[in-house]
Amino acid sequence: TASYNALINSLILANHTAAASATFSSLLSSGLPLTTSSLTIFLKILLSSTRANRFDSAYSLLDKMLQYGPPPDAVTYSTLIGALSRAGRIKEAFGILDLMLDNKCCPTPQTYNSLILGYCSQGKIKEAKHFVALIESYGFAPDTFMYTVLIDALSRNGEFDEVESILGESQVKGWKPDEVTYNVYMNGLCKARRIDKAFRLLDTMRCNGLVPNLDTLNILFDCLCRDSMLQEAMDLFGKSSELDWFPD
RNA sequence: GCACUGCUUGA
């Protein structure tokens, strides 16, 4: 069963949905037992369909799992919540969170992060912040993913003071910004033409022991080129090897 | 043991 699961999931990741479905059918006819993972992967197949009713089939799968087993677990719920959030169906995503709690299934960081990302991608930053405050007040330990999603949204919205204050209290709250956190911040600064500040963050990154990665480099290039600072871009490109960066 | 979360440009 685990081998089938791994195979089917790889096919999904490679966008070979038809092959994934076919392989899932083989699993069904093999007589091997289906696990929660198997059905979570099947849920992903349903959700990757382009049909308008893909969520209806997802809901009915979830119902059947609740009724007959194997029962959904946190990954199953998070998978569905993530898909709903990405589709902008936040209200329904929260409905699944309620269902999850009703069934005594404990949410994970991925569960919450998917919901926060859903809010942020709809531009509902206030709601996202409110939700973060809420789960923290329930003792949920903040993680880097969660704050990076928030900082991404705030940065795209130009709310840099807010970003600074979130970063300022990160140590106290028990999380550390990573390279992606700085990347999203720098990306927002670049889009807002605050190029100087973006470059200063490079030093901050390195002081915190973080190595700028390929995305960092591309963010800075894009920003310099947009601002017709081609000369500076060329200079940076020339220096990239001595900074141990590897443009692709 | 296998399944769920964040960043750049390009259509």
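Keep in mind that this is a model prediction, so the values were computed, not measured. Here is how names work: the chains are called A, B, and so on, in the same order as the sequence lines, proteins then strands, and each is numbered from 1. Excluded from the calculations below are hydrogen atoms, water molecules and symmetry mates; all remaining heavy atoms, backbone and side chain alike, are included.
Taking every heavy atom of both residues into account, Ile45(A) and Ser21(A) meet most closely at CG2-OG, 3.5 Å. Between Thr36(A) and Pro71(A), the shortest heavy-atom contact is OG1-O, 2.9 Å.
Look at CG on Leu210(A): it is 19 Å from P on G6(B), rounded to the nearest Å. Atoms OH (Tyr77(A)) and P (U5(B)) sit 18 Å apart, rounded to a whole Å. Distance, Tyr147(A) OH to G6(B) P: 18 Å, rounded to whole Å. Rounded to a whole Å, the CG atom of Leu62(A) is 14 Å from the C1' atom of C4(B). One interatomic measurement links the two molecules: CD1 of Ile45(A) to P of C4(B), which rounds to 13 Å at whole-angstrom precision. The distance between atom CD1 of Ile151(A) and atom P of U5(B), rounded to the nearest whole Å, is 20 Å.
You'll find the side chain of Leu224(A) reaches within 4.5 Å of the side chain of Phe199(A), heavy atoms only.
For Asn113(A) against U5(B), a side-chain N or O and a base N or O form a donor-acceptor pair under 3.5 Å. Within 3.5 Å, a donor on the side chain of Ser78(A) pairs with an acceptor on the base of C4(B), or the reverse.
In this structure, Asp143(A) reaches neither bases nor backbone, as no heavy-atom distance under 4.0 Å exists between it and the strands shown. As judged by a 4.0 angstrom heavy-atom cut-off over every strand, Thr148(A) is placed among the base-contacting residues. In this structure, Val180(A) reaches the bases: a heavy-atom distance under 4.0 Å links it to at least one base atom across the strands shown. Looking at heavy-atom distances under 4.0 Å, Ala6(A) makes contact with sugar-phosphate atoms alone, never a base.
Salt bridge annotation for Glu92(A)-Arg89(A): present, with a cationic side-chain nitrogen under 4.0 angstrom from a carboxylate oxygen.
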